[in-house]
Structure formats: C-alpha cells, structure tokens
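One structure is given here, and the rest of the page talks about it.
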2 protein chains.
Amino acid sequence: MRSAKKKQLETKGWKVGTVAEFLQLSPEESAYIEMKLALSKNLQERRKGKSLTQEQLANLLKSSQSRVAKMEAGDPSVSLDLLVRSLLILGESRKSLAKILSEPHSAFAA
Amino acid sequence: MRSAKKKQLETKGWKVGTVAEFLQLSPEESAYIEMKLALSKNLQERRKGKSLTQEQLANLLKSSQSRVAKMEAGDPSVSLDLLVRSLLILGESRKSLAKILSEPHSAFAA
DNA sequence: CCAATATATGTCATTTCTGACATAATGTCA
DNA sequence: TGACATTATGTCAGAAATGACATATATTGG
C-alpha cells in the first residue's frame with residue numbers, strides 16, 4: 001500500500017497494516033500467497049498480450065473459462081501447479097517464471 | 001547425460017536421447033518436471049544441511065516421513081505447492097526459490 | 001554378524017483441486 | 001437504451017494430492 005493512502009486511512013480511524021498482518025499470515029504463508037498472486041497477474045498479462053479471451057485461453061489449457069477467471073483472480077482454490085503449468089503452456093520459460101516469482105507484488109509490499 | 005556415456009551406450013545398441021524424449025514429454029511437461037526435481041533435490045540438501053532426519057523434517061512440516069521421502073524422490077504424487085511450502089518453512093526466500101527453479105537439473109540436460 | 005536407525009515403497013481414507021456448468025455481473029458498441 | 005460479448009461467482013461430481021500407517025529396504029555403529 002502506498003504510504004500516502006495508508007496515512008489517509010489511518011487519519012480516518014483505520015488501523016492499517018500489511019495484508020499479511022490483517023489476515024494473520026505467517027511469513028511462509030505470505031510468501032506462498034505472494035508467489036501465487038505474482039503468477040496470477042502474469043497470466044492475465046500474458047493472455048491480454050495475446051488478445052485472447054478467457055474462453056480461448058481455457059481451450060488452450062484444456063480447462064474452462066471459470067477456472068481461468070479464478071486463476072487470474074488468485075482464487076485460493078487454484079494451485080501453484082496449475083498456474084505454473086498454464087504459464088509454461090503460454091510460452092514462459094523456467095527462467096522467466098523464476099523472475100516472476102522473485103518479484104514482489106504491490107498488494108503485499110510492507 | 002554426458003556425451004561420453006551417451007556414445008558408449010549407443011555403441012552397445014542403446015538408442016539414447018533425453019529423458020524427455022524417452023518419456024515422450026512435451027517441452028512444457030519437461031520444464032514442469034525439471035522444476036519439481038530441482039526443488040526436490042534442494043529440499044534434501046536443506047534437510048541434510050540442518051542434520052535433520054526425514055522424520056524430524058516431517059514433524060516441522062506437519063507431514064509424515066513417507067511423504068518427505070516421496071518429496072525428495074520427486075514422486076509424481078507430490079505437488080509443486082507442497083515442495084514450495086516446505087522449502088519456505090525451511091527458510092528459503094522467494095528469491096532463493098526462484099534461483100533454484102531457474103537452474104537446470106542434470107538428469108534432464110540435453 | 002546383529003541391532004538400531006534411517007529411508008523407501010505401497011496402500012488407503014480424507015482432503016483439496018479441477019473442469020464443467022449455470023448464472024450473475026460487467027463491459028462494449030451501435 | 002438493449003443486444004452481445006466477456007468476465008466473475010457459486011456449486012458440485014470426479015480426479016488428484018495428502019497424511020498416516022505398515023512394512024520393506026538400506027545404512028550405520030558395535
């Protein structure tokens with residue numbers, strides 16, 4: 001969260017911390033979720049970059065539109081496995097996946 | 001596979017290719033399996049580095065000795081999720097995990 | 001060699017993930 | 001506005017992953 005926004009909310013009476021704090025996540029749980037969100041976000045970027053609808057991507061992945069929507073939304077019912085396999089099918093390399101995984105996701109920044 | 005060894009086997013009548021070729025894996029499937037194997041290997045290294053038995057690690061992970069054995073063996077019944085969560089609990093960072101994931105695994109080298 | 005310890009392998013009930021479907025919500029364009 | 005396309009959300013039966021257990025197979029130290 002941008003510190004300006006944080007300050008603004010605090011002024012209005014909100015106690016604002018990280019998402020991890022709010023959800024009472026351990027560092028490991030946070031890292032795990034951050035990784036999934038980073039992949040989710042990238043999946044959507046990749047799809048849009050290729051001008052595909054969720055339906056079309058679903059066909060490529062032999063999945064369904066609703067599952068693609070859940071993947072992109074970071075739904076907890078979606079596994080790392082599915083995200084990784086999907087991105088590989090979309091053409092990501094191990095190296096590029098690694099890069100994605102190592103980069104922080106804005107919603108979780110301290 | 002080292003090319004000297006490869007040549008030797010071919011001389012004896014073996015048709016030797018990559019593991020991926022033998023198993024008829026697509027590039028995506030290969031990459032996925034390579035990533036799992038890289039994590040498996042690292043999990044074992046981490047465990048041994050801490051001088052833990054599989055039983056002790058299992059307790060840390062709230063899992064069982066047999067599942068730890070399967071994780072380290074790269075058993076197909078083990079998910080990326082489990083490997084990643086385990087390594088995070090063992091203290092790996094997202095960055096170090098990314099590094100592991102991006103590095104090739106010997107058994108799959110072309 | 002024998003014990004003791006550690007690791008591997010097989011199986012299985014329970015839990016979790018998945019694709020599929022229906023339908024709601026949102027967006028787009030004339 | 002309204003039809004049409006796209007995306008989001010809820011649900012569920014079937015598939016896959018998980019922990020646990022038994023037991024087999026190393027491995028280690030006398």
Side-chain angles (χ1 to χ4, degrees), chain A residues 23 25-26 28-90 97 101 105 107, chain B residues 23 25-26 28-90 97 101 105 107:
Chain A
L23 297 174
L25 300 178
S26 67
E28 303 85 47
E29 288 169 327
S30 296
Y32 174 68
I33 293 178
E34 284 173 43
M35 292 171 76
K36 294 221 300 191
L37 288 180
L39 294 174
S40 294
K41 193 179 172 192
N42 197 263
L43 182 71
Q44 188 171 60
E45 285 170 1
R46 270 261 167 179
R47 175 178 66 82
K48 291 186 173 171
K50 291 176 185 275
S51 298
L52 298 174
T53 65
Q54 290 181 346
E55 185 78 44
Q56 291 171 322
L57 176 54
N59 290 340
L60 271 180
L61 304 178
K62 283 156 192 167
S63 181
S64 60
Q65 179 269 323
S66 59
R67 188 129 305 271
V68 170
K70 279 157 191 160
M71 284 192 236
E72 291 182 355
D75 188 285
S77 81
V78 174
S79 70
L80 259 185
D81 292 67
L82 187 61
L83 288 165
V84 166
R85 281 188 275 117
S86 298
L87 283 164
L88 287 172
I89 290 176
L90 274 183
L97 280 181
L101 286 172
H105 184 277
Chain B
L23 297 175
L25 300 178
S26 68
E28 303 84 47
E29 288 167 328
S30 296
Y32 174 68
I33 293 178
E34 285 173 43
M35 291 171 77
K36 292 220 301 192
L37 289 180
L39 294 173
S40 294
K41 193 180 171 191
N42 196 264
L43 182 70
Q44 188 171 59
E45 284 169 2
R46 269 263 168 177
R47 176 178 65 82
K48 290 186 174 171
K50 291 177 184 274
S51 298
L52 297 174
T53 65
Q54 291 183 344
E55 185 77 45
Q56 291 171 321
L57 176 54
N59 290 339
L60 271 180
L61 305 178
K62 283 155 191 168
S63 181
S64 60
Q65 179 269 323
S66 59
R67 186 127 308 268
V68 170
K70 279 156 191 162
M71 285 192 233
E72 291 183 355
D75 188 286
S77 80
V78 174
S79 70
L80 261 185
D81 291 69
L82 186 62
L83 287 165
V84 165
R85 281 187 276 116
S86 298
L87 283 164
L88 286 172
I89 290 176
L90 274 183
L97 280 181
L101 286 172
H105 184 277

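Basis for what follows: all heavy atoms, side chains included, without hydrogens, waters or symmetry-related copies. Below, chain A is the first sequence line, B the second, and so on; all start at residue 1. Not measured: the values here are computed from a predicted model.
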Once you round it to whole Å, what is the distance between [atom2] of [N] and [atom1] of [X]?
X	N	atom1	atom2	answer
Ile89(A)	dT18(C)	CD1	P	13 Å
Lys62(B)	dT14(C)	NZ	P	22 Å
Asp75(B)	dT7(C)	CG	C1'	14 Å
Leu83(B)	dT18(D)	CG	P	8 Å
Leu82(B)	dA17(D)	CG	P	11 Å
Arg67(A)	dA20(C)	CZ	P	11 Å
Arg85(B)	dT16(C)	CZ	P	10 Å
Asn59(B)	dG19(D)	CG	C1'	12 Å

(request) With the side chain of Ala69(B) defined as its heavy atoms from C-beta on, choose the nearest nucleotide among dT18(D), dT18(C), dA8(C). (result)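 The nucleotide sitting nearest to the side chain is dA8(C).
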(request) Name the closest nucleotide to the Thr53(A) side chain, picking from dT18(D), dT18(C), dT6(D). (result)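 For Thr53(A), the side-chain atoms sit closest to dT6(D).
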(request) Not counting sequence neighbours, list each pair that qualifies as a salt bridge (Lys or Arg N to Asp or Glu O under 4.0 Å) and has a residue in residues 49-66 of chain B. (result)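 Checked against salt bridge (Lys or Arg N to Asp or Glu O under 4.0 Å) - neighbours excluded - no pair reaches residues 49-66 of chain B.
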Side-chain-base donor-acceptor pair under 3.5 Å for [X] and [N]:
X	N	answer
Ser66(A)	dC21(C)	yes
Lys70(A)	dG19(C)	no
Gln65(B)	dA6(C)	no
Lys48(A)	dT7(D)	no
Glu55(A)	dA5(D)	no

(request) Indicate whether OP1 or OP2 belonging to dT7(D) is found under 4.0 Å from a side-chain N or O atom of Arg47(A). (result)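 Yes, because at least one side-chain N or O of Arg47(A) sits under 4.0 Å from OP1 or OP2 of dT7(D).
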(request) Tell me whether the OP1 or OP2 atom of dG19(C) has a side-chain N or O from Ser63(A) closer than 4.0 Å. (result)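 Affirmative; the distance criterion is met.
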(message) I'd like to check Leu25(B) versus Tyr32(B) (side-chain heavy atoms, cut-off strictly below 4.5 Å). Are they in contact?
(response)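 Leu25(B) does not reach Tyr32(B) side chain to side chain.
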(message) I'd like to check Asn42(B) versus Leu83(B) (side-chain heavy atoms, cut-off strictly below 4.5 Å). Are they in contact?
(response)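 Side-chain contact under 4.5 Å: no.
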(message) Among Arg67(A), Gln44(A), Lys48(A), Lys41(A), which residue satisfies the side chain to side chain donor-acceptor pair (under 3.5 Å) criterion with Glu72(A)?
(response)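 Among Arg67(A), Gln44(A), Lys48(A), Lys41(A), the one that satisfies the side chain to side chain donor-acceptor pair (under 3.5 Å) with Glu72(A) is Gln44(A).
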(message) Would you compute the distance between atom CG of Leu87(A) and atom CD of Glu28(B) and round it to the nearest 0.5 angstrom?
(response)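 One gets 12.0 Å once the value is rounded to the nearest 0.5 Å.
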(request) Measure the spacing between CD of Gln54(A) and CG of Leu61(A) and express it to the nearest 0.5 Å. (result)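 The CD atom of Gln54(A) sits 11.0 Å away from the CG atom of Leu61(A).
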(request) Assign each of Glu72(A) and Ser77(B) to its nearest nucleotide of DNA chain D by heavy atoms, then name whichever residue's nucleotide is nearer the 5' end. (result)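 So the residue in question is Glu72(A).
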(request) Would you mind classifying the nucleic acid contact of Ser64(B) as base, sugar-phosphate or nothing, using non-hydrogen atoms under 4.0 angstrom? (result)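 Base contact.
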(request) Using a heavy-atom cut-off of under 4.0 Å over every strand shown, decide if Val68(A) touches base, sugar-phosphate, or nothing. (result)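 Touches nothing.
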Would you tabulate the nitrogen or oxygen pairs shorter than 3.5 Å linking the protein to nucleotides 25-30 of chain D?
none

(message) Give me the atom names and distance for the closest heavy-atom approach of Gly74(B) to Ser40(B).
(response)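 So the two residues come closest at CA-OG, 3.6 Å.
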(message) Which heavy atom of Lys36(A) sits nearest to which heavy atom of Asp75(A), and what is that distance?
(response)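 Taking every non-hydrogen atom into account, NZ-O, 4.3 Å.
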